[in-house]
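We count ligands from 1, going down the list as the structure has it; atoms in each ligand are counted the same way.
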Amino acid sequence: MNLRGKFITFEGSEGSGKSTHIQRLVRRLHAAGAETFVTREPGGTPLGEEIRHLLLHHRSGGIMSPEAELLLFTAARAELVRERIAPALASGQVVVCDRFLDSTTVYQGAARRLAPEAVAAINRFAVGECRPDLTLVLDVPVEVSQSRVRNRGEGKADRIEREDGDFFRRVREGYLSLAQAEPRRIAVLDSTRPTTEVESAIWNIVHERLA
Ligand code: T5A
């Protein structure tokens, strides 16, 4: 299986299983002989991790405008693309990223209701030509997402996890409409199914679409 220089992103709500399935996919990719570079958003570079802290945990974030939020997420991404993702792809690694530009389209566009054209233009500016070859959206109902986050028991909810159910319903619908608009790139998986089933389904999709 030759996946050299392929770019795979995982998307979905909080607690939908992205970290779980990234670990499992990477294990399978290594077993198949692929070299991988795994990263996450926001973050993945020293600057990006500082921005992540501002966005999710810093007390000044409580009063952040949606426009500032959009620019901070995309600033972290611009840095990650140039410093890490583009070089890793150029060297033939398979890049697996926990969230990418679809998160901005959905959270800042669909859920925060910023103008879609502005979000798309800023996204384009931030990533340039760097686009995922495959995006796996892990879909769970809002109630499942919220109960998984509660059960994770990692202390206080971050700034975005404190949003209400309507916000996360718009997030879920946003992902489902993106997948409808771009079916060749985006696959939706029912992540309420047992973890081993979802893992196998992901592996099959990677084979079918990329290998
Ligand atoms: N954001 C991000 C924006 O608003 N705009 C942007 O442009 C970007 C990039 C980032 C936040 O920033 C926002 C979105 C987010 O609010 P984050 O800290 O990176 O947040 O965290 P999340 O993406 O929210 O990720 P989580 O760690 O909360 O969830 P995961 O990784 O999706 O889920 P995971 O794998 O940790 O699983 C959660 C629990 O569910 C269980 C796992 O064992 C775990 O306990 N689980 C299952 N249980 C039963 N059945 C299954 N199939 C299961 N799969 C997993």
Nearest non-hydrogen protein atom to atom 51 (C) of ligand 1, with distance, is Arg148 NH2, 3.3 Å
Quick look: Thr195 vs ligand 1, heavy-atom contacts under 4.0 Å, and the answer is both
Among Phe10, Phe100, Phe168, Phe73, the residue with a heavy atom nearest to atom 6 (C) of ligand 1 is Phe73
for atom 18 (O) of ligand 1, nearest protein heavy atom and its distance come out as Arg52 NH2, 2.7 Å
Near Ser191 (heavy-atom distance under 4.0 Å), the atoms of ligand 1 are 51 (C), 52 (N)
protein heavy-atom neighbour closest to atom 33 (O) of ligand 1 works out as Gly17 N, 3.1 Å
Contact region, Glu11 to ligand 1, non-hydrogen atoms below 4.0 Å, reads neither
Only one of Arg28, Gln23, His21 passes side-chain hydrogen bond (donor to acceptor under 3.5 Å, both in side chains) with Glu199, and that residue is Arg28
In terms of its nearest heavy atom to atom 23 (O) of ligand 1, the top option of Glu163, Arg24, Glu199, Arg99 is Arg99
Atom 5 (N) of ligand 1: closest protein heavy atom, distance to 0.1 Å, is Gln108 OE1, 2.8 Å
Looking at Thr20, Val149, Val198, Leu138, the heavy atom closest to atom 37 (O) of ligand 1 belongs to Thr20
Q) For Glu35, does the CD atom sit with more than 12 other heavy atoms under 6.0 Å from it, leaving out its own atoms? A) no
*Cut-off 3.5 Å, side chains only: do Thr9 and Thr135 have a donor facing an acceptor?*
yes
closest protein heavy atom to atom 45 (O) of ligand 1 is Arg152 CG, 5.0 Å
Quick note on ligand 1: atoms under 4.0 Å from a heavy atom of Thr104 include exactly 6 (C), 7 (O)
If we number the atoms of ligand 1 from 1 as shown, the ones under 4.0 Å from a heavy atom of Lys18 are 22 (P), 23 (O), 25 (O), 29 (O), 30 (P), 31 (O), 32 (O), 33 (O), 35 (O)
Verify the ring-centre separation between Phe100 and Phe7: is it less than 6.0 angstrom? yes
**Asked** Do Arg24 and Thr195 get their side chains close enough for a donor-acceptor pair, meaning under 3.5 Å?
**Response** no
The protein heavy atom nearest to atom 31 (O) of ligand 1 is Ser19 OG, 2.5 Å
The closest protein heavy-atom partner of atom 15 (C) of ligand 1 is Glu14 OE2, 3.1 Å
heavy-atom search around atom 52 (N) of ligand 1 in the protein gives Arg193 O, 2.8 Å
Arg77 heavy atoms within 4.0 Å reach ligand 1 at atoms 7 (O), 9 (C)
